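Read through the structure below, which is laid out as structure tokens, and then see the notes.
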Amino acid sequence: MTRDSTETPPAGEPTLQPAPDDAREAEIPEAGSLDPLEALPVPEPAEENPTPMSAFMETLPEETLSETEYLSDTTPSGEPAEIDPDKLDPDALKVIHRLHAHGHEAYLVGGCVRDLMLGRTPKDFDIATSAHPGEVRAIFRNCRLIGRRFRLAHIYFKGGKIIEVSTFRANPTELDASNGAEAAADTGAENGEEGSEAEESQDLLITHDNVFGTAEQDARRRDFTMNGLFYDVAEGRVIDYVRGRRDIDERYIRTIGDPEIRMREDPVRILRAVRFASKLGLDIESRTYAAMEGAVEDLPRCAPARLLEETFRLIRGGVAAPSLRLLAALDALKILLPPVAAYFKENGRRGRETFYAYVEALDRRVSSGEPLDDAILLAALLVPIAQAGPVVESQDPAVRPSVAQGIEDLLAEFVQTARLPRRIAERCRLLLIAQRTLSGERRRRTGAFRRHPLFNDALVVFEISVEATGQHREALEAWKRGEVPSLKPEGGTSEGGEAPRKRRRRRRRSGRNKTGAGEGASAASASAAGGAEAAGGEAADSGESDDAGDAGETGDDFESGSESSADSDSDSESDEG
């Protein structure tokens, strides 16, 4: 259990304080204007109508020193700063300076220090401080506290930039182990048992991580040595408590402490190690890799939302192919992406080659800087599985079309347990269904298909498919030119055989309307136009209007889900938050 704040620590040990509850935040002065964060939501990463970031812009007092006056190119000893100040983020420097002005320690920490020492440009700059989350919020009006397992302060700046500030923390499992060892020793003395057995049976999985500590304790509780480096911007020096410099120089990923214990504490570290190895081109130290193999079976015990987010990070980073290969070697795909593992098992080496051809094509699109949302990323990853599965067509208009059952189950599980927004899952499903139409395997009305809001996204997924396999290139070029590609005679489903009868029925109706030469010519041209449209796509039922809306075609695979997708947009607002 966590040591209570009123408990006096043993001599020589640093004071450990539990995370504050709402009472600490109540100590913040109430005078003045209302905190804008109580009235405005945190800006969402969604594409549509983001919250104006001007409400979160940081305004420093005029008497505050600028970051250029605050920093020096040399250390107090006269030596050059270990990291060029010009490479540091000015907003992060403002946050550190203000925390220093209020009497708190504050350092740049984690990935930004690691990337700068590797000669890379950091994606973001994180800060670790001795200030508690409630104290950080009292200092910055543009601050929002987030998280339960690990409480953080997000400070918002113009343009949607977020500086993440965390409080120094101690490793909770070390506290629990020491307290548990004492309790087990007492219990063992009473029962005549050894306390070590009770200690070994303890669950090391971290479910809370809000035990405050010192800077050194915070460095030692982190996952890998390369992520345990601090940078003191005022002194211009790197603070290394965990020998992270050595591993960066040797280009190794190594856990801090015993790898078996660290992986059992948080099995999500397996995915983080995979991402760092793939993204940074580093090697995983042998004992760390062996511990990752043993901790794979503990992945289901982690929060599904964390597993899904780390999986998406692998895909978003443009290193999905090497990451998934490493996860497959660790036998982790059966837990993270069961349809992919089943596809590998059923199709063997050829299936693996096909799948990784898709993933490498996706990585190239991501690395080129093209913005792709999560629905496109997930759909591009699942296209080969969807194409390999049997396509079951139902003639009942009330039954919505579907993809392979394994993918349906995966998307449903992501929504129910991993908090994937329903909008993303439904868009992914529709994008996969649309691939059959784009490739000419499914007949449908091309007019409504082109007007569908997801047509362009479906075409992006189709481009990735064509790049991966080299097939359907002519169809892709035709769609890009605004033309209708030729249909595959064998690609039609049970509805495809009815298409000629529908065209003949339209010609007979047009032929019976003989009211004069001018009207006959008009009817003939209308009949020809209708026949051309029917040849380019699947015709509607005999009683359906040609001007049916995007969601009005009950017999169409791509359109039938658009209404439910629109409904899910509103239903998933809380999920996305």
Side-chain angles (χ1 to χ4, degrees), residues 308 311-312 315 320 324 337-344 346-347 351 354-359 361-362 365 372-394 399-415 418 420-444 448-450 452-469 471-472 475-476 479 488 491 493 538 550-551 553 555-566 568-569 572:
L308 179 63
T311 303
F312 268 121
I315 306 172
L324 292 175
L337 297 170
V340 176
Y343 175 78
F344 285 172
E346 294 173 1
N347 296 274
T354 301
F355 176 80
Y356 287 121
Y358 277 85
V359 180
L362 175 62
R365 297 293 289 259
L372 302 176
D373 64 19
D374 289 345
I376 296 177
L377 296 174
L378 191 56
L381 203 67
L382 298 176
V383 165
I385 293 91
Q387 292 180 342
V391 178
V392 179
E393 299 289 351
S394 175
V399 177
R400 74 172 189 173
S402 63
V403 290
Q405 187 60 43
I407 295 177
E408 293 280 359
D409 295 341
L410 179 69
L411 296 177
E413 182 179 358
F414 281 168
V415 171
L420 178 71
R422 294 184 183 89
R423 174 178 61 87
I424 300 297
E426 184 66 11
R427 282 167 59 89
C428 175
R429 192 182 69 85
L430 292 178
L431 291 176
L432 292 174
I433 293 174
Q435 302 309 301
R436 301 203 299 266
T437 302
L438 290 169
S439 62
E441 298 174 5
R442 174 75 183 234
R443 297 173 181 266
R444 53 147 297 124
F449 181 59
R450 288 182 179 279
H452 195 278
L454 291 183
F455 174 77
N456 291 331
D457 290 346
L459 200 59
V460 170
V461 178
F462 189 53
E463 287 179 355
I464 295 174
S465 177
V466 171
E467 182 179 349
T469 63
Q471 301 176 1
H472 309 301
L476 174 62
W479 286 111
K488 295 182 178 180
T493 62
E538 181 182 5
D550 288 345
E553 296 178 51
D556 179 76
D557 54 355
F558 192 39
E559 308 295 341
S560 61
S562 60
E563 184 176 355
S564 62
S565 175
S568 65
D569 286 348
S572 63

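These numbers were taken from a predicted model, which means no experiment stands behind them.
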*Counterpart residues, side-chain hydrogen bond (donor to acceptor under 3.5 Å, both in side chains), relative to Y343 (two or more places apart)*: none
*asked:* Taking the ring centre of each residue, are F455 and F462 less than 6.0 Å apart?
replied: no
*A418: side-chain contact (heavy atoms from CB on, under 4.5 Å) partners, not counting sequence neighbours*: P304, L308, F414
_The single option from D457, L454, V403 passing side-chain contact (heavy atoms from CB on, under 4.5 Å) against L430_ = L454
*Which atom of L432 lies closest to which atom of A386, heavy atoms considered*: CD2-CB, 4.3 Å
*Could you state the interatomic distance from CG (D374) to CZ (R427), rounded to the nearest 0.5 Å?*
10.0 Å
*Hey, can you tell me if W479 and F449 have their rings parallel, tilted or perpendicular (30° and 60° cut-offs)?*
perpendicular
*Could I get the full list of side-chain hydrogen bond (donor to acceptor under 3.5 Å, both in side chains) partners for T311, not counting sequence neighbours?*
none
_Partners meeting side-chain hydrogen bond (donor to acceptor under 3.5 Å, both in side chains) with Q435 (sequence neighbours left out)_ = none
*Drop me the distance from H452's NE2 to T437's OG1, to the nearest 0.5 angstrom.*
11.0 Å
*Just how far is it from atom CG of L438 to atom CD1 of I433, taken to the nearest 0.5 Å?*
12.5 Å
*What pair of heavy atoms forms the shortest contact from Y358 to S465, and how long is it?*
OH-OG, 3.1 Å
*Are L324 and F355 side-chain neighbours, meaning at least one heavy-atom pair lies under 4.5 Å?*
yes
*asked:* I need the minimum non-hydrogen distance between A425 and L411, along with the two atoms involved.
replied: O-CD1, 3.7 Å
*Looking at CG of L362 and CG of L378, how far apart are the two atoms once the value is rounded to the nearest 0.5 Å?*
10.0 Å
_CG-CZ distance between L382 and R429, expressed to the nearest 0.5 angstrom_ = 13.5 Å
*List in chain and number order the residues that pass side-chain contact (heavy atoms from CB on, under 4.5 Å) with A361, two or more places apart in sequence or in another chain; answer none if no residue qualifies.*
R364, I464, E467, A468
*Grab the two heavy atoms, one from R365 and one from V460, that are nearest each other, plus how far apart they are.*
NH2-CG1, 3.8 Å
*Residue from V340, L410, L337 passing side-chain contact (heavy atoms from CB on, under 4.5 Å) with I385*: V340
_One pair to check against side-chain contact (heavy atoms from CB on, under 4.5 Å): I315 and L381. What are the steps and the verdict?_
CA-CA 9 Å; I315 306 172; L381 203 67; 3.7 Å; yes
*What's the spacing between L476 CG and S439 OG if we round to 0.5 Å?*
11.5 Å
_By side-chain hydrogen bond (donor to acceptor under 3.5 Å, both in side chains) - contacts of D409 (at least two apart)_ = Q405
